[in-house]
Amino acid sequence: MVSVRLPDGSVKEFNRSVTPLDVASDIGPGLAKAAIAAEVDGQQVGLDYALPDDGEVALKLFTKKNSEALSIMRHSAAHVMARAVMRIKKGVQLAFGPVKGEQFYYDFEVDEPITEDDFPAIEKEMKAIIKKNEPFERIERPRDEALQICKDMRQKLKVEHIESGLADHESLSFYQQGEFLDLCRGPHVPSAGAIGAVKLLFVAGAYWKNDASNKQLQRLYATAFFDKADLANYVERMAEAQKRDHRVLGRKHGFFHIDEMVGQGLILWAPKGAYVRQKLQEFIHLHLQRQGYDQVFTPHIGKLDLYKTSGHFPYYQDSQYPPLINHDQLKKLADEGCTCSDLSNSMKSGEIDGYLLKPMNCPHHIKIFDAQQRSYRDLPIRLAEFGTVYRWEQSGEIGGLTRVRGFTQDDAHLFVTEDQVADELAGCLELVKIVFAAVGMDDYSVRVGLRDPDSSKYVGDPANWDKAELACREAAKTLGKPFIEEPGEAAFYGPKIDFVVNDCIGRKWQLGTVQVDYNLPERFDLSYIGADNKHHRPIMIHRAPFGSMERFIGVLIEHFAGAFPLWLAPEQIRLMTVSEKSEDYGREVEQRLKAAGFKVHGDFRPEKLGSKIRDAQMELIPYMAVVGPRDAESGTLSLRDRVDGDLGALTIDETIAKLQKEVEEKVVKQKFANTGVIAEEGETQNEY
RNA sequence: GCUGUUGUAGCUCAGUGGUAGAGCACUUCCUUGGUAAGGAAGAGGUCAUGGGUUCAAGUCCCAUCAACAGCUCCA
């Protein structure tokens, strides 16, 4: 006898072998019809799963209302998609087909590439399969037999996967749907009819087992919903999300420009974007002063030797612009008969001395620290600079402000004693929190990047790494926010605490970062004189609360959907006249607002007021100051809030006081409805 | 870097191998008005770049550059 415990606490007992479907039927025919899948003792199963004959199990039945059912259905839709593709394309080799966030995909190896032109045919075939409503049948086989089945089907990727990835599985399962049989862990919906509306999205390349050294497969992305209306809603949400894309808004509002002739990933800051950046820099500068930082400036280039010592050149050469060589050196090489390939080789091996566009600011700051003898009494030394760095990012990665080839870090390096590490880390984290709070971004996540024990890309003594990692972990705990630890995410010189946010289409970006480094001080042989009159090695903390100004502002544009709060808005007040009759008074008011420190622009065009207001609304100006004959008479202006509308007449002084207070308090007026784009979650890998 | 898609006016986009188009923005003129679009006229183009096919190419083919999406990478 088996006791089945349901989520409401009730227990049903059965004297026979039952499946989740049987239990559902026992509860009611409506539920049996609505059930999609189930969960038994925390494990997702199909409705035909055989429950144990005795003992007690916890059973949850999923219907369309459960989000679990939605992912299970999408996974089934992936099978239907693969089945449709196999009917249309010859020689299709199946790889994996998991669910990822709101989407699902299937990776194929095909003789003839799938293109978007194939979408209508594939979708049509999928709809036909769904309409036919054939069941998904689970078939379990011992490993040997399963292997043979895949060999017989000539599915070489599945064969490879069974032989390597699934070597320790004794029994494997398949799901069959008509002529389509796929190795799969499941579970699936009972039959294809449960799949509602499907839509193919795009085709992309993806490497077999996510390894770039493996062959590239074709990945077909799609989404599915139980309901047509939900699909329409999804399409709408994606379109909405695109409207707040910083690249779209950046062009529309003139925040920045990227010019082909200047170069890929090189940002030209237009006045409006530059203003926002300036305001942010002023803001953090104030906090740097409070926390005892010293400002420094360093050049954009440095000799190769510097980066050989730091390790940047040997470890990240591929992501750097090649070294700059001087004319004499180049001529000498030419006279010696150096060929292009010789030149390339000697540059790579670092034999030719040149200058590197700096990929990071730390070596320069280290040299400032090292320029004089330091006492323990001087520590901590905190050197800050908005330092611009250049990295040769792969062309396919570059885009907008979030991934660029030249960017400015709000960088600083702290040189501290062992005893000071914890306090200084706390100060750095505090700064990051201040930054996020100032702009009302609270949906960030924290990631502690640790070294990957299997990799050779890290420098230094493992004992130092252990100390640094412990310090990061302890510091992260003080944030009072859950954080994840990710091996392999550390810098080559030390572990770090990263602050990660999502962009408007759900991609994750690292903004602020705080890193603990025992290694660069060693590589540069840094020291300070301790109280014992002996040399001691300082520890470095690298930190950038914004991360990169480019990326931060890119994300910030999306966060505010282009509508900056008053303290950051590049145009704070649009002054407009009701008609040209009030122009003189308008200019007087404009001057007074400007004198009070506001960014004001006067709109004196011979347009109707409604039209001027509309323009200002569209340009997302926080406040409009309307002046007409009545205002000229009473010495007032009519203030209009972009969000709240007409606020009525105020004197100029009242206006200035009100807006200054709003700037002071850094008020964020509008909360934007989340676009509802679901950030990418880890994919559910049902294909074992 | 890889796979796929896309490059037409400042922006968003139409355009069937046969004379280059629209809306918005811009300029000028008319309108002088009180809280989200007043009216008219005008200007604006080497159809990304370079080759090729063709009597004829924005349109078809190839290459390059760039953008977008996804991989891979990201100190």
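Chain naming here is simple, since letters A, B, ... match the order of the sequence lines and numbering starts at 1 in each.
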- Got more than 12 heavy atoms from elsewhere within 6.0 Å of CD, A/E654? yes

- Within 6.0 Å of CZ in A/F119, more than 12 heavy atoms from elsewhere: yes

Between [N] and [M], how many Å separate the two [atom1] atoms, rounded to a whole number?
N: B/rC47; M: B/rG51; atom1: P; value: 13 Å
N: B/rG17; M: B/rA69; atom1: C1'; value: 32 Å
N: B/rA43; M: B/rU28; atom1: C1'; value: 10 Å
N: B/rU5; M: B/rA37; atom1: P; value: 43 Å
N: B/rU12; M: B/rA56; atom1: C1'; value: 31 Å
N: B/rU59; M: B/rU53; atom1: P; value: 15 Å
N: B/rA20; M: B/rA66; atom1: C1'; value: 24 Å
N: B/rC13; M: B/rG1; atom1: P; value: 26 Å

- Task: Hey, which sits more toward the 5' end of RNA chain B by its nearest nucleotide, A/V627 or A/P113?
- Result: A/P113

- Query: Taking the nucleotide of RNA chain B with the closest heavy atom to each, which residue, A/A206 or A/V578, is nearer the 5' end?
  - Reply: A/V578

Are [X] and [Y] close enough for a salt bridge, meaning some N to O gap below 4.0 Å?
X: A/D498; Y: A/R447; result: yes
X: A/K199; Y: A/E123; result: no
X: A/R237; Y: A/E102; result: yes

Tell me: [atom1] of [X] to [atom2] of [N], nearest whole Å?
X: A/Y207; N: B/rG4; atom1: OH; atom2: C1'; answer: 13 Å
X: A/Y585; N: B/rG34; atom1: OH; atom2: P; answer: 18 Å
X: A/E580; N: B/rG38; atom1: CD; atom2: C1'; answer: 14 Å
X: A/M618; N: B/rU12; atom1: CE; atom2: C1'; answer: 12 Å
X: A/E619; N: B/rC11; atom1: CD; atom2: C1'; answer: 14 Å
X: A/Y221; N: B/rC71; atom1: OH; atom2: C1'; answer: 7 Å
X: A/M624; N: B/rU35; atom1: CE; atom2: P; answer: 14 Å
X: A/K252; N: B/rC26; atom1: NZ; atom2: C1'; answer: 18 Å

- Evaluation steps, side chain to side chain contact (heavy atoms under 4.5 Å, CB included), between A/H413 and A/H364: CA-CA 10 Å; A/H413 295 93; A/H364 286 88; over 6 Å; no

Checking only heavy atoms, does the side chain of [X] share a donor-acceptor pair with the base of [N] at less than 3.5 Å?
X: A/E116; N: B/rU5; answer: no
X: A/S638; N: B/rG34; answer: yes
X: A/D646; N: B/rG34; answer: no

- Message: Tell me whether the side-chain N/O atoms of A/K581 come closer than 4.0 Å to OP1 or OP2 in B/rG33.
- Response: yes

- Report yes if at least one side-chain N or O of A/S611 is closer than 4.0 Å to OP1 or OP2 of B/rG38; otherwise report no. yes

- Query: Heavy atoms under 4.0 Å, any strand shown: does A/G610 hit a base, just sugar-phosphate, or nothing?
  - Reply: sugar-phosphate

- Base, sugar-phosphate, or nothing for A/D631, non-hydrogen atoms under 4.0 angstrom? base

Under 6.0 Å between ring centres: does that hold for [X] and [Y]?
X: A/F369; Y: A/F415; answer: yes
X: A/F104; Y: A/Y106; answer: no
X: A/H246; Y: A/F255; answer: no
X: A/Y316; Y: A/W392; answer: no

- Query: List RNA chain B stems (3 or more consecutive Watson-Crick/G-U pairs, under 3.5 Å)?
  - Reply: B:1-7 with B:65-71, B:10-13 with B:21-24, B:26-30 with B:38-42, B:48-52 with B:60-64

- Are the side chains of A/V514 and A/L425 in touch, meaning some heavy atoms are under 4.5 Å apart? yes

- Task: Evaluate the side-chain hydrogen bond (donor to acceptor under 3.5 Å, both in side chains) criterion for residues A/K496 and A/Q510: first the C-alpha distance (whole Å), next the side-chain angles of each, then the deciding distance (0.1 Å), finally the verdict.
- Result: CA-CA 11 Å; A/K496 52 186 188 148; A/Q510 174 208 313; 3.2 Å; yes

- Task: Scan side-chain atoms only and decide if A/E633 and A/Y585 contain a donor-acceptor pair under the 3.5 Å cut-off.
- Result: no

Anything under 3.5 Å between a protein N or O and an N or O of nucleotides 73-75 of chain B, put it in a table, one pair a line.
| from | atom 1 | to | atom 2 | distance (Å) |
| --- | --- | --- | --- | --- |
| B/rC73 | O2 | A/R403 | NH2 | 3.0 |
| B/rC73 | N3 | A/E397 | OE2 | 3.3 |
| B/rC73 | N3 | A/R403 | NH1 | 3.1 |
| B/rC74 | OP1 | A/K457 | NZ | 3.4 |
| B/rC74 | N1 | A/R403 | NH2 | 3.4 |
| B/rC74 | O2 | A/R403 | NE | 3.3 |
| B/rC74 | O2 | A/R403 | NH1 | 3.1 |
| B/rC74 | O2 | A/R403 | NH2 | 3.0 |
| B/rA75 | O2' | A/Y493 | OH | 3.1 |
| B/rA75 | N6 | A/S319 | O | 3.0 |
| B/rA75 | N6 | A/S319 | OG | 3.3 |

Show each protein N/O and nucleotides 65-69 of chain B N/O combination with a separation under 3.5 Å, one pair to a line.
| from | atom 1 | to | atom 2 | distance (Å) |
| --- | --- | --- | --- | --- |
| B/rA66 | OP1 | A/Q264 | OE1 | 3.4 |
| B/rA66 | O2' | A/E260 | OE2 | 3.4 |
| B/rA67 | OP2 | A/Q264 | NE2 | 2.6 |
| B/rC68 | OP1 | A/R247 | NH1 | 3.2 |
| B/rA69 | OP1 | A/R247 | NH1 | 3.4 |
| B/rA69 | OP1 | A/R247 | NH2 | 2.7 |
| B/rA69 | OP1 | A/R507 | NH2 | 3.1 |
| B/rA69 | OP2 | A/R247 | NH1 | 3.0 |

- Output, in order, the C-alpha distance, side-chain angles, deciding distance and verdict of side-chain hydrogen bond (donor to acceptor under 3.5 Å, both in side chains) for A/H312 and A/Q320. CA-CA 9 Å; A/H312 290 95; A/Q320 289 158 11; over 6 Å; no

